[in-house]
Amino acid sequence: MKHYWFTEEHEMLRRVVREFSEQEIRPKIRELDAKEEFDRSILDKMGEMGFLGVCIPVRYGGAGMDYLALGIVSEMLEWGDTAFRETISVHVALNSLAIFQWGTEEQKEKWLIPQARGEKIACYALTEPNAGSDVRGIQTRAVRQGDVYILNGEKMWITLADVADHFLVFAKTDPEAGHRGISAFLVERGAPGLKTGTIHGKLGARASNTGWIVFEDTPVPAENMLGEEGEGFKIAMSALDNGRYTVAAGAVGVIRASLEESVAYAKQRTAFGQPIANFQLVQQKIALMQQRLDVATQLVYHAGWLKNQGIRNTRETSVAKWYATEAAFASANDAIQIHGAYGYSNEYNVERYLRNAKGAVIYEGTSEIHTLLQAQYALGYRKDKPLRRELPAYDPEEWTREA
Amino acid sequence: MKFTVLLKQTPDTAELPKITPEQALAGNQGVTKVVNPWDEYAVEEGIRLKERFGGETVAMSMGPDEVDEALKSALAMGCDRAVRLWDESFEGSDVWGTALVLAKGVEKDGGADVILTGKMSVDGNSGAVAHGVACKLGVSLLTQVAKIVDISDGMITVERLLDEGRETVRAPLPAVVSVVKEINEPRYPTFIRIRKASRAKIPVLTAADLGLSPDQVGAAAAKVKWTELVKPPAKKREVVIIEGETPEEKARKLLDYLMNVEKVI
Ligand SMILES: Cc1cc2nc3c(=O)[nH]c(=O)nc-3n(C[C@H](O)[C@H](O)[C@H](O)COP(=O)(O)OP(=O)(O)OC[C@H]3O[C@@H](n4cnc5c(N)ncnc54)[C@H](O)[C@@H]3O)c2cc1C
């Protein structure tokens with residue numbers, strides 16, 4: 001499993017996160033999943049260890065690791081369960097990295113540092129009851145009144161809605177201006193008129209918290225606007241370049257777990273007087289999982305490498321997310337087939353992998369949206385223009401500087 | 001105070017059954033290696049002692065290059081520095097030879113107030129290295145330690161876990177302390193420590209550095225020779241249903257089965 005882009009630090013990190021998933025998540029997950037319970041004690045341990053600021057520079061409260069480390073953490077957490085990878089996706093990738101990329105120094109002090117230290121939990125609120133893929137169709141309004149913006153509207157399907165202290169919220173400041181009329185705001189729990197709740201009855205990611213947020217005349221200080229007025233759409237999309245990367249890396253974890261468990265089961269289960277691993281139709285499924293694991297790994301960590309170099313990676317991340325999440329769904333499905341009736345029951349993990357994997361082909365751009373994106377790039381209809389602020393390239397000295 | 005933890009790199013327990021006797025004898029097991037699980041408790045205790053009493057915690061191990069990985073794990077958990085003891089002449093050391101090298105390592109590193117080890121290794125299982133080190137250093141030996149109560153006035157007070165209960169004993173420092181898993185819950189490394197530990201350059205002390213000649217160590221000096229190594233028989237699981245008309249008949253048949261077929265009573 002050695003890869004040319006992984007250093008000793010990455011290998012150590014992978015071992016530790018695997019052990020963490022093995023000891024802290026896997027023993028509890030069947031019950032948490034069945035009860036739809038988000039286990040705060042796991043989140044607290046993650047905060048203490050540095051998960052919640054893995055690739056944030058030390059001077060902003062992070063661990064000072066690189067973007068490949070963010071991928072490894074996502075992969076090995078989702079090898080345990082999707083729930084805590086989703087935490088990393090929203091807290092680190094979609095929220096903290098957006099503040100790191102677009103925020104002012106004052107905003108980084110106030111919002112990013114406590115988040116990276118794990119003292120405050122953050123989420124990303126874009127989707128609404130009537131707008132998912134169609135981001136410019138969001139209806140939440142932000143109207144300036146003196147030093148504050150007044151927010152009204154509703155967000156839906158928001159990971160950690162009921163857990164988070166900090167919300168990155170997208171709202172329309174100019175409803176006539178299409179995607180240029182969207183702005184981004186940093187909002188704190190406790191703000192007047194802000195309410196949250198949890199959505200129950202999800203197919204998968206049941207040990208994660210997913211919910212809704214309502215704003216009723218919620219005043220947000222103007223200084224809490226992230227980026228400039230009208231820049232919200234670009235901020236939302238650039239954040240998704242990081243969020244999708246963690247979703248894709250997590251999907252690699254699902255493929256890895258599906259493969260490992262299928263191999264173990266196929267060697268141990270006998271039928272017609274021999275281990276089912278001897279049957280070529282079972283072997284084919286295992287071979288396909290290995291192939292998907294290798295391909296997804298290459299796509300994902302290539303995107304991570306591009307991030308380290310500071311090279312724009314919207315297309316590469318999209319293709320990695322699209323491929324890896326579909327490959328995870330297919331692998332979990334094959335893993336159930338190999339387990340036969342046992343795979344159909346929650347006595348084994350593989351049915352949970354399938355339920356979890358289905359979510360990832362929907363959120364952070366449905367597979368259809370990624371299909372369209374890739375076609376547009378290939379046809380030359382879409383080109384990425386430089387952003388006013390790009391995600392900084394990883395610089396080990398800069399990231400590990402103490403102050 | 002100075003706390004030195006002696007640790008060993010061993011195969012991952014999950015992978016132990018995969019190792020063949022030939023591989024074990026050759027010392028090349030071809031499996032994932034980790035810090036000996038028992039020694040993790042010693043590392044944790046070494047770090048806690050530093051946190052309680054101040055000073056430094058040093059991780060030390062005898063072994064080839066690959067052992068750096070285990071020492072780095074100890075650094076990632078919170079040890080201040082690590083020292084590796086290696087020389088080709090150390091190859092094939094038995095418990096006594098290993099204890100000699102470790103004792104010399106502790107001395108060369110400037111001694112220590114408390115020397116910690118796990119109660120045994122999951123591969124060798126001798127549980128005798130701590131005894132050997134204490135003997136070679138001529139210091140107190142405390143085994144089966146489940147709690148370090150206090151260190152003061154040149155004395156260490158510990159609770160030992162016995163079959164019948166616990167006993168509290170005091171001994172003069174320096175002391176070799178071998179710990180049981182009841183003593184603590186080893187911590188996870190933090191990411192910042194992983195980042196730093198992965199870059200650590202671990203110094204190596206050779207036989208010459210330790211003032212040891214080839215005839216004192218390694219296979220040459222070993223008092224124990226491995227003549228044969230066999231795998232324990234695989235555990236077999238079988239369900240036998242004892243049939244019978246009456247409970248008395250079933251009991252009689254069961255007794256007969258246990259005495260004459262399984263020969264367990
Ligand atoms: C578990 C979970 C967690 C989530 N967490 C978050 C979060 O933290 N923050 C957040 O903001 N959102 C979150 N979401 C919401 C998620 O991002 C949206 O569900 C997703 O963007 C799709 O939007 P939608 O559900 O409204 O579907 P729709 O956009 O209504 O799509 C419905 C169907 O139509 C298809 N479709 C739509 N447009 C087109 C088109 N142009 N061409 C072809 N097909 C099209 C879609 O592919 C899909 O198949 C989460 C969702 C889930 C399930």
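Just so we're on the same page: letters track the sequence lines, and every chain starts at 1.
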Indicate the atoms forming the closest heavy-atom contact of A/L13 with A/A69, along with that distance.
CD2-CB, 3.6 Å
How are the rings of A/Y265 and A/Y348 set relative to one another: parallel (under 30°), tilted (30 to 60°) or perpendicular (over 60°)?
perpendicular
Under the side-chain contact (heavy atoms from CB on, under 4.5 Å) criterion, do A/V16 and A/M49 qualify, and how do the steps go?
CA-CA 10 Å; A/V16 169; A/M49 286 172 70; 3.7 Å; yes
Distance-only side-chain donor-acceptor flag, A/E78 / A/T82, under 3.5 Å:
yes
Any idea how A/Y301 and A/W5 line up, ring-wise: parallel (<30°), tilted (30 to 60°), or perpendicular (>60°)?
tilted
Step through the atoms of chain A and chain B and list each donor-acceptor pair whose separation is under 3.5 Å.
unit_1	atom_1	unit_2	atom_2	d
A/E8	OE1	B/K72	NZ	3.1
A/E8	OE2	B/K72	NZ	2.8
A/E9	OE1	B/R199	NH1	2.4
A/E9	OE1	B/R199	NH2	2.8
A/R15	NH1	B/E69	OE2	3.4
A/Q23	OE1	B/Y188	OH	3.1
A/E24	OE2	B/Y188	OH	2.6
A/M49	O	B/F191	N	2.7
A/A63	O	B/R195	NE	2.6
A/A63	O	B/R195	NH2	3.1

Is it the case that atom CD in A/E31 sees more than 12 heavy atoms from other parts of the structure closer than 6.0 Å?
no
